[in-house]
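Proteins get letters first, then strands, A, B, ... in listed order; numbering begins at 1 in each. Since the structure is predicted, the reported quantities are computational estimates derived from the model, not experimental observations.
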2 protein chains.
Amino acid sequence: MNKNVTALPKTPVPKTSMPNTSVPKTARGAATRARIVDAATELVRARGAANTTIDAVIEASKASKSQVYHYFADKDELVLAVIQRQAECVLGTHEGLLRKLNSLSGLRRWRDAVVALTHQTNCAGGCPLGSLAAELSETPRTRAALAESFARWAGHFEAAFARMQSRAGITSAGDLKELSEAMLASLQGGLLLAQTLRSTRPLELALDMAIDHVAARLGL
Amino acid sequence: MNKNVTALPKTPVPKTSMPNTSVPKTARGAATRARIVDAATELVRARGAANTTIDAVIEASKASKSQVYHYFADKDELVLAVIQRQAECVLGTHEGLLRKLNSLSGLRRWRDAVVALTHQTNCAGGCPLGSLAAELSETPRTRAALAESFARWAGHFEAAFARMQSRAGITSAGDLKELSEAMLASLQGGLLLAQTLRSTRPLELALDMAIDHVAARLGL
DNA sequence: CAGAAACTGGACTATTTAGTCCAATTACTT
DNA sequence: AAGTAATTGGACTAAATAGTCCAGTTTCTG
């Protein structure tokens with residue numbers, strides 16, 4: 001996609017200066033753009049980015065081709081918007097679950113919620129962000145967006161661990177950032193295995209292991 | 001792919017009875033088939049299954065279209081062969097590393113080897129099997145093949161843990177199968193984060209956590 | 001209200017892609 | 001060596017796909 005090999009471009013302006021992409025300037029335009037991104041996000045979640053065609057997005061969003069290319073320079077830009085949309089959604093959910101968390105039992109309730117959510121979908125789909133990461137981590141721009149999302153996700157864990165720590169009156173145990181990365185890795189690995197093995201067990205085992213690890217490092 | 005909607009098929013024989021796929025019957029044919037699978041495996045590893053075209057496989061393997069369709073009914077069958085080939089490769093490597101492992105320090109050396117291997121490739125690509133799992137776990141046949149591969153991988157861990165246990169003279173501690181699934185989840189999650197964040201740190205943290213967990217459960 | 005700007009519909013193009021087909025070649029069997 | 005089976009080359013097709021283009025419509029702004 002986007003293979004423009006034409007010689008002698010009129011003006012070799014850097015990509016950032018004059019994108020042929022429009023930011024919506026009216027409420028109607030914003031709604032159209034949102035409809036497109038929402039439809040694309042759902043399709044990408046179900047079939048992956050490479051297997052999602054612009055035509056399918058058009059059909060699902062009831063938009064027209066010119067609308068898609070009015071708001072997005074090319075498919076890559078749409079995919080980037082999908083990543084951001086999906087990150088918003090996943091991080092929103094987890095931030096909601098983690099926001100008030102300040103104890104080991106709260107962490108265990110979070111674990112139960114994640115397992116229940118996974119069970120509800122028969123372990124299908126895995127983590128929407130994790131799947132995107134596996135597919136799009138070799139492309140610089142998408143990789144960067146996903147890396148930032150994972151970092152923010154880890155930040156939510158870190159904040160929760162800090163609350164657990166201060167509530168228990170502990171000054172400083174292990175490195176909280178390291179703990180949060182290990183937790184996120186367990187979650188991602190557990191979800192991937194759950195998806196492939198169609199069982200929540202690996203997810204449960206991975207999360208329980210990570211929780212034990214957090215408890216030990218935090219001295220709880 | 002493979003959307004045959006023609007009415008009135010000559011004989012509605014079940015797929016398993018008369019595949020239009022040939023098993024190579026000569027050494028030359030076997031070599032051709034192997035060349036095709038090898039080339040396809042490399043391309044799929046680098047770009048994913050959906051982004052690998054038959055034409056690219058043909059070019060890389062120096063085969064012709066009729067050769068590909070002589071040995072594989074369609075692209076899906078080729079992808080299935082790629083999964084098996086990749087599983088062979090990954091499991092072969094890890095079985096080699098795990099075969100004689102019978103101590104905690106051996107497990108730590110395995111960890112160091114995995115981290116070093118990941119570092120060597122700048123964390124690019126992630127786990128070849130994990131990436132395939134993320135992409136192909138929603139398709140029954142490919143999911144089954146990947147699930148079986150993961151199960152065998154976990155089996156190698158389990159066997160190593162059993163050797164560690166018996167060598168230390170411990171009768172029975174935790175469920176070794178559970179330990180091996182947690183270890184595999186840590187490995188997969190760690191590799192995914194390493195790939196996206198372009199750092200071996202999450203991998204190191206996830207594996208160290210899992211090793212501590214194994215040591216604790218095995219009473220070592 | 002009038003002109004400008006934003007937005008929309010959808011036909012059209014150029015490529016790419018999976019898959020078919022058959023004639024030609026090479027290997028195996030007796 | 002002849003005949004049969006396996007293998008190979010590559011042209012061809014039909015469908016899918018990303019992206020272009022422009023004329024028409026709606027919304028905004030002075």
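- Side-chain atoms of A:Arg33 do not come within 3.5 Å of backbone N or O of A:His70 as any donor-acceptor pair.
- A distance-only check finds no donor-acceptor pair linking the side chain of B:Arg85 to the backbone of B:Asp38 [under 3.5 Å].
- The nearest whole Å value for the distance from the CZ atom in A:Arg33 to the P atom in C:dA6 is 16 Å.
- One finds no side-chain N or O of A:Lys65 lying less than 4.0 angstrom from the OP1 or OP2 phosphate oxygen of C:dG10.
- For the pair B:His70 NE2 and C:dC22 P, the interatomic distance rounds to 16 Å; values are reported in whole Å.
- As a whole-Å value, the separation of B:Arg47 CZ from C:dT16 P is 13 Å.
- Residues satisfying the salt bridge (Lys or Arg N to Asp or Glu O under 4.0 Å) criterion with A:Arg143, sequence neighbours excluded, are absent altogether.
- The distance between atom CD1 of B:Ile54 and atom P of D:dC12, rounded to the nearest whole Å, is 21 Å.
- At distances below 3.5 Å, not a single donor-acceptor pair connects side-chain atoms of A:Arg47 with backbone N or O atoms of A:Thr52.
- Closest-nucleotide positions on DNA chain C for B:Arg28 and B:Ser66 were compared, and the one nearer the 5' end corresponds to B:Ser66.
- For the pair B:Gln67 CD and C:dT25 P, the computed distance is 15 Å after rounding to whole Å.
- Within the structure, a side-chain polar atom (N or O) of A:Tyr71 is placed less than 4.0 Å from OP1 or OP2 of C:dT8.
- Side chain of A:Gln188 to main chain of B:Gln188: no donor-acceptor pair is present (N/O by atom type, distance under 3.5 Å, no hydrogens or angles).
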Could you list, one pair per line, each protein nitrogen or oxygen that sits under 3.5 Å from a nitrogen or oxygen of nucleotides 28-30 of chain D, together with the distance?
none

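- Considering only the side chain of B:Tyr69, C:dT20 comes nearest among C:dT20, C:dG10, D:dT8.
- The distance from atom CG of B:Asp76 to atom C1' of C:dT17 is 14 Å, rounded to the nearest whole Å.
- With rounding to whole Å, B:Lys62 atom NZ is found 16 Å from D:dT8 atom C1'.
- Proximity of a side-chain donor or acceptor of B:Ser137 to a complementary backbone N or O of A:Gln195 within less than 3.5 Å is not detected.
- Remark: P of C:dT20 and CZ of B:Phe72 are 15 Å apart, rounded to the nearest angstrom.
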Go through the steps for B:Tyr69 and B:Ile54 under the test side chain to side chain contact (heavy atoms under 4.5 Å, CB included), then give the verdict. CA-CA 10 Å; B:Tyr69 284 96; B:Ile54 300 288; 3.8 Å; yes

